[in-house]
Amino acid sequence: MTLIGLSGTLMIWANLAVGMIGSEDSPFNLLFAGVPIIAFIGSAMARFRPLGMAISHSAAAAAQAGIAAMGAQIDARGGTFSALFAGLWLIAAVLYWLAASRAEGASKSSR
């Protein structure tokens, strides 16, 4: 959860300070606000269980990557920077998936 908090905070901070794609006044940068919202709503719908959070963070990674791909046409450097954040969301999803796998293995072994 620390990785998510740091990456989400850094993404929002960078977007507000200088803008991820183009300048900070670019309306394209408003799309980035939806990425943590996707992750939070998906996690809440999954009741913050690891497997559901892995799925919701994968969706956030896909959204971030989609925005990065569209933004790379406007600003290649900003699109690449945004794609790095997609990687962070994906790493968080993998970590949640591993946690879900371990929890499932622990519940099977305790039977």
Q.
Before you tell me yes or no, could you show the steps for Tyr96 and Leu51 under side-chain contact (heavy atoms from CB on, under 4.5 Å), namely the whole-Å CA-CA distance, both residues' side-chain angles and the distance that decides it to 0.1 Å?
A. CA-CA 6 Å; Tyr96 279 120; Leu51 184 59; over 6 Å; no

Q.
More than 12 heavy atoms of other residues, nucleotides or ligands under 6.0 Å from CE of Met45: yes or no?
A. no

(Q) Which residue in the set Ile67, Leu90, Leu10 passes side chain to side chain contact (heavy atoms under 4.5 Å, CB included) when paired with Phe85? (A) Leu10

Q) Do you know which two heavy atoms are closest between Ala83 and Ala68, and how far apart they sit? A) N-CB, 3.7 Å

Quick one: side chains of residues 32-42, donor-acceptor pairs under 3.5 Å with protein atoms, not counting sequence neighbours, listed by atom name and distance.
none

Q | Ile74 side, atom CD1; Met20 side, atom CE - distance, nearest 0.5 Å | A | 13.0 Å

Q: Determine, using the 4.5 Å side-chain heavy-atom cutoff (strictly less than), whether Val18 and Ile21 are members of one ILVMFWY cluster.
A: no

Q) When clusters are formed by joining ILVMFWY residues with side-chain heavy atoms under 4.5 Å apart, either directly or through shared neighbours, do Trp89 and Trp13 land in the same one? A) yes

Could you tabulate the donor-acceptor pairs under 3.5 Å formed by side-chain atoms of residues 56-64, not counting sequence neighbours?
residue: Ser56; atom: OG; partner: Ser43; partner atom: OG; Å: 3.1
residue: Ser56; atom: OG; partner: Gly52; partner atom: O; Å: 3.4
residue: Ser56; atom: OG; partner: Met53; partner atom: O; Å: 3.1
residue: His57; atom: ND1; partner: Met53; partner atom: O; Å: 2.7
residue: Ser58; atom: OG; partner: Ala54; partner atom: O; Å: 2.8
residue: Gln64; atom: NE2; partner: Ser82; partner atom: O; Å: 3.4
residue: Gln64; atom: NE2; partner: Ser82; partner atom: OG; Å: 2.9

Q.
Once side chain to side chain donor-acceptor pair (under 3.5 Å) is applied, do any residues pair with Ser26, and if so which ones, sequence neighbours excluded?
A. none

(Q) Looking at every non-hydrogen atom in both residues, tell me the closest pair between Phe81 and Ala14 and how far apart they are. (A) CE2-CB, 4.2 Å

